[in-house]
There are 2 protein chains.
Amino acid sequence: MNVQANAARRGGRDARRVLRTTPKFQMLPTLKRGLPDMAPMNEEQIQRIHNASMDILEEIGVVFRDPIALEDWKRAGADVRGERVHLDRALVMDLIKTIPPEIKYHARNPDNNVELGGKESIFVPMTGAPYMRDLDDVRRGPTIADLGTFHKLAHMMPALHSSAHHIVEPMDIVVAHRHLHITYSSMKYSDKMFMGMTTSPKNAEDVLDMCAILFGADFLETHAVATGNCNGNSPLVWDQTMLGAMRAFNRRNQPVLCSPFVLGGANTPASTAAAVAQLNAEALSALAYTQVVRRGCPAIYGHYLSTVSMQSGAPMAGTPEISLMNFMIGQMARHYNVPWRTSNLLGGAKMFDAQSGYESAMTMMAVLMSGANYIWHSAGWNEAGMHCSIAKFMVDSEVCAMGYRMAEGIKWDDFDEALAAIRDVGPGGHYLGHPHTQANFEKAFFIPKLFDNNSIEQWIADGSKDIKQRALEQARYLLSEYQEPKLDQAVDEELRAYIERRSREIPAVDALNEDH
Amino acid sequence: MNVQANAARRGGRDARRVLRTTPKFQMLPTLKRGLPDMAPMNEEQIQRIHNASMDILEEIGVVFRDPIALEDWKRAGADVRGERVHLDRALVMDLIKTIPPEIKYHARNPDNNVELGGKESIFVPMTGAPYMRDLDDVRRGPTIADLGTFHKLAHMMPALHSSAHHIVEPMDIVVAHRHLHITYSSMKYSDKMFMGMTTSPKNAEDVLDMCAILFGADFLETHAVATGNCNGNSPLVWDQTMLGAMRAFNRRNQPVLCSPFVLGGANTPASTAAAVAQLNAEALSALAYTQVVRRGCPAIYGHYLSTVSMQSGAPMAGTPEISLMNFMIGQMARHYNVPWRTSNLLGGAKMFDAQSGYESAMTMMAVLMSGANYIWHSAGWNEAGMHCSIAKFMVDSEVCAMGYRMAEGIKWDDFDEALAAIRDVGPGGHYLGHPHTQANFEKAFFIPKLFDNNSIEQWIADGSKDIKQRALEQARYLLSEYQEPKLDQAVDEELRAYIERRSREIPAVDALNEDH
């Protein structure tokens with residue numbers, strides 16, 4: 001049942017045929033960043049943050065609200081007092097040194113495998129929205145069919161490397177069974193890598209059982225196929241749900257994002273440097289715990305990063321301090337030589353207006369300069385994550401492709417050829433007709449399709465549409481062109497049987513856990 | 001008549017009183033950038049660009065379509081063949097080495113003086129829009145009263161360091177007299193530094209005569225008070241209008257922006273690296289010429305930078321290659337140790353929609369990372385410069401304040417204090433009530449006023465406004481609060497008399513020159 005190994009024979013072959021016949025939807029390979037990473041801290045300042053984090057871990061300690069984790073920490077030699085775990089810096093540094101600096105993610109179509117760590121990065125769409133703005137820009141509760149729509153779009157957008165998981169919450173499925181249907185939707189509508197639900201330890205195990213069906217249980221032991229996200233409760237608390245889910249992933253050798261959930265100024269001090277010191281301590285405590293659970297298991301330094309509005313208490317996006325904290329966290333993650341995750345293209349706007357554009361682009365530019373590896377929430381996030389907008393999903397995905405091109409850096413391969421064109425054209429000439437231009441224009445200069453760069457007369461003739469309207473038209477077009485990368489029939493049947501069985505077994509109790 | 005020297009006694013005192021009573025409109029000082037500048041090229045690559053530019057200057061040459069400039073170049077020892085000037089690299093490097101690496105700009109209110117060069121930067125609003133979107137978001141031809149409105153807003157927005165000049169073209173004034181009324185409007189409605197028109201050599205001289213009235217002729221000899229912009233005709237041509245205007249500024253020891261006008265792919269090769277090599281040659285040829293005209297005169301490495309859409313031929317904004325070229329040009333300007341200018345917050349959108357926000361923010365983030373000094377077109381630019389939007393002007397100005405805060409870098413001053421708060425609060429606590437938070441929140445975290453970060457319920461209760469509506473309301477409010485920093489009465493009368501006399505002398509012929 002190992003799809004990965006047999007991909008050429010089954011779904012993978014179909015998927016590749018689809019991609020060959022529709023090259024415009026072909027996924028971009030792993031981004032290899034050619035720009036230097038922004039490094040606003042010198043070595044001494046990195047050490048200041050490091051030492052402050054170590055002092056926090058040793059002297060204040062971190063609360064692990066979970067009896068198993070407390071037992072694990074005792075066995076590992078930590079100083080456990082009640083729920084508070086005091087972590088010696090030597091212990092922490094010893095544990096995190098076995099985290100692999102690079103992760104290769106396997107998709108069911110091996111053409112869509114990606115790598116991350118170091119100078120390698122991937123874009124993953126947003127997840128977790130309880131509302132959506134749909135193909136008519138109506139804000140409403142999403143269904144499992146809507147989630148499928150987003151998975152289809154994620155599959156088709158070249159700069160997105162993943163279908164993620166619950167891009168929107170399927171409100172028509174009972175909470176207790178959602179993880180099964182979300183996971184199936186990720187697997188079915190796209191053959192890119194995906195994420196695994198961590199809404200409870202048992203849910204995480206179900207997801208990993210489904211991964212074992214798709215890839216083979218042995219395959220999981222030696223290959224990363226799904227990412228879980230585990231949020232901390234800042235300041236300095238990890239809860240039972242997250243720790244249990246983390247263990248479920250770690251035991252199968254699958255990576256989790258160890259993500260303190262930072263609302264700068266509300267659950268951190270009002271200081272970017274001190275907020276990073278706290279966040280760093282929190283992330284390291286969870287990263288270290290992954291290695292207590294399973295030495296050598298891949299893990300990702302994570303966080304959700306915002307600053308809060310004093311007026312509303314709501315998380316803001318694109319603020320200067322978020323950018324600065326991203327730069328700093330990037331330096332810390334590189335200092336520890338672990339891959340790291342951040343959030344991309346966040347918007348706090350209620351609609352897809354200019355605010356949303358500014359916030360999103362400021363976030364993305366800072367994120368790309370910061371050298372993040374696992375670039376989550378890369379498409380659709382608006383209203384502080386309360387809704388995912390189809391229009392924004394489309395534009396964000398294209399903006400990621402723009403960021404991808406920028407982050408690749410300067411191309412020198414045809415420099416001498418291009419210089420020769422300057423001689424040919426000479427002062428006062430023009431280049432559009434020159435053979436070098438005609439051969440290289442599209443490769444040399446990105447032309448965003450959803451951005452209108454026509455004259456105002458042409459724009460009026462085209463209906464005076466804003467980018468939201470154009471993006472929604474493009475979404476409809478994409479959905480009309482969508483070709484499903486079919487699951488192998490036997491795998492599909494086994495997955496469906498699993499979902500059916502678990503749906504019978506799990507009581508349909510409604511309770512919601514957060515996951516950002 | 002030296003306003004600068006007598007500022008405390010006259011207009012300057014009034015202006016400072018206004019600022020004291022309305023501190024929210026107080027101008028931010030010169031930005032001192034604390035972030036490292038993005039440097040994607042290594043030394044060898046910088047040399048590759050440099051050598052390619054030197055080869056262009058020596059072997060291809062630059063056309064100076066101006067008999068005086070050709071004579072000047074002959075005297076300076078250049079190899080002049082017809083209109084084509086071949087510049088030896090030793091000559092170019094010898095000339096540009098006397099360009100001052102830093103410029104102090106003097107405003108009529110000395111509190112508003114600014115500096116640029118090295119790690120110092122300023123934000124200057126857009127100029128040159130033939131259309132505007134007004135307080136009702138109606139797109140129409142602007143008047144001199146509209147220009148006054150923009151000068152008032154520029155005066156009040158803290159992150160804008162200049163009132164610039166023709167933010168919008170005053171279409172109700174005959175072209176031949178416009179420069180007089182534009183300059184007067186810049187001087188009258190704001191006491192920040194401003195720009196000088198370069199639409200013809202004689203117009204530039206009129207502007208500088210008016211500067212001499214405002215500041216004193218002797219003052220100009222030793223202080224920079226106005227910036228001219230001189231666009232090149234890429235590839236490799238400088239025309240008579242621009243060169244004559246340049247000389248007018250140089251003779252009075254006033255700086256010009258030496259700005260090749262780059263439409264990447266149309267008037268440069270289809271290669272970012274080769275486009276930069278050409279642009280660099282063009283900029284250096286004009287910078288060198290400023291030193292032929294007047295050795296030691298301040299000058300600024302400029303450019304207008306875009307890539308063109310293959311579909312429409314129109315300039316695009318925010319594309320990855322523009323960001324990369326900004327990074328590279330920054331490195332070249334630093335290599336030559338001259339201050340440099342770029343363009344900020346550009347939009348190609350026809351309306352103030354999400355496209356406009358993405359384009360603008362991508363541009364600003366790249367610009368700030370690139371280490372630009374004279375950051376022009378920082379507010380209002382949309383529709384590829386065809387219109388200036390009041391709503392966008394307001395938002396861009398606030399986004400500049402956000403960029404300013406980010407570019408300042410990390411604050412460490414209260415790090416230890418903030419760490420103490422982590423101990424006080426402990427795991428699971430919250431910070432909003434902590435004294436450190438209450439004392440430092442506003443200083444620590446930027447809260448953009450025009451970005452809505454309320455809940456959707458509150459946003460609906462507030463009228464479901466997009467950012468455009470909120471920005472226009474804020475503009476109306478600002479205009480209702482505006483207090484004119486009065487010109488000294490004698491200076492004002494002299495300026496008016498000058499305008500009256502020149503209006504009689506200059507035939508009211510209508511012809512328009514470009515200035516970007």
Side-chain angles (χ1 to χ4, degrees), chain A residues 35 40 52 60 63 235-237 264-266 269-271 273-274 278 307 309 312 314 316 319-321 323-324 348 350 352-358 361-362 365 399 402 405-406 409-410 412 414-415 418-419 421-422 427-428 431-432 437 440-441 444-447 451 453-454 456 459 466-467, chain B residues 35 40 52 63 235-237 264-266 269-271 273-274 278 307 309-310 312 314 316 319-321 323-324 348 350 352-358 361-362 365 399 402 405-406 409-410 412 414-415 418-419 421-422 427-428 431-432 437 440-441 444-447 451 453-454 456 459 466-467:
Chain A
L35 289 181
I60 305 175
V63 167
L236 300 166
V237 177
S271 147
Q278 177 189 303
T307 57
S309 163
S312 64
M316 300 187 292
T319 63
E321 293 79 20
S323 298
L324 291 172
K350 309 304 163 282
F352 190 36
D353 65 353
Q355 173 181 340
S356 187
Y358 284 99
M362 284 192 281
M365 293 294 277
V399 169
M402 295 173 78
R405 184 79 80 95
M406 181 193 71
I410 304 158
W412 294 92
D414 68 338
F415 184 55
L419 289 177
I422 300 178
Y431 288 82
L432 287 173
T437 310
N440 291 280
F441 197 97
F445 299 119
F446 193 99
I447 301 179
F451 286 16
N453 283 297
N454 287 322
I456 189 142
W459 176 74
D466 69 0
I467 194 169
Chain B
L35 289 181
V63 167
L236 299 166
V237 177
S271 146
Q278 178 189 303
T307 57
S309 162
M310 271 297 240
S312 64
M316 301 187 293
T319 63
E321 293 79 19
S323 298
L324 292 172
K350 310 306 165 282
F352 190 36
D353 65 352
Q355 175 181 340
S356 188
Y358 283 100
M362 283 193 280
M365 293 294 278
V399 168
M402 295 172 79
R405 184 79 81 95
M406 180 193 72
I410 304 157
W412 294 93
D414 70 336
F415 185 55
L419 288 178
I422 300 177
Y431 287 81
L432 285 174
T437 310
N440 292 280
F441 196 97
F445 298 120
F446 192 99
I447 301 178
F451 286 17
N453 284 297
N454 287 322
I456 190 142
W459 176 75
D466 70 0
I467 194 169

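Numbered from 1 within each chain, the chains take letters A, B, ... in sequence-line order.
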| message | Please rank B/G264, B/S309, B/A266 by heavy-atom pairs under 4.5 Å with chain A and give me the top one. | response | B/A266
| task | On the 0 to 90° scale, with breaks at 30° and 60°, tag the B/F352-A/Y358 ring pair as parallel, tilted or perpendicular. | result | perpendicular
| Side chain / backbone / both / neither for B/E321 at chain A, heavy atoms under 4.5 Å | side chain
| Quick one: what part of B/T307 sits under 4.5 Å from any heavy atom of chain A, side chain, backbone, both or neither? | side chain
| query | Between B/A354, B/G428, B/P40, which residue shows the highest count of heavy-atom pairs closer than 4.5 Å to chain A? | reply | B/A354
| message | I'd like to verify something: which residue of A/L35, A/T437, A/I410 has the highest number of heavy-atom pairs under 4.5 Å with chain B? | response | A/I410
| remark: Max heavy-atom pairs within cutoff under 4.5 Å with chain A, candidates B/A52, B/A314, B/A273, B/A421, goes to B/A273
| field | Taking every non-hydrogen atom, the tightest pair across B/A361 and A/A361 | value | CB-CB, 3.6 Å
| note | Interatomic distance, CZ@B/F446 vs CE@A/M316, rounded to 0.5 Å, equals 9.0 Å
| task | Could you have a look at B/I456, B/V399, B/D414 and say which one has the most heavy-atom pairs with chain A under 4.5 angstrom? | result | B/I456
| request: Enter the distance from A/S323:OG to B/M402:CE here, rounded to the nearest 0.5 Å. | output: 8.0 Å
| query | Pick from A/L236, A/I467, A/V237, A/L432: which one has the most heavy-atom pairs with chain B under 4.5 Å? | reply | A/I467
| said: Nearest 0.5 angstrom please: B/N454 CG to A/K350 NZ, how far? | reply: 6.5 Å
| query | Any idea which of B/G348, B/G409, B/S356, B/A418 has the most non-hydrogen atom pairs under 4.5 angstrom with chain A? | reply | B/A418
| Between A/F451 and B/T319, is a side chain to side chain contact (heavy atoms under 4.5 Å, CB included) present by the stated rule, with each step listed? | CA-CA 10 Å; A/F451 286 16; B/T319 63; over 6 Å; no
| field | Gap between atom CD1 of A/I422 and atom OH of A/Y431 - 0.5 Å precision | value | 4.5 Å
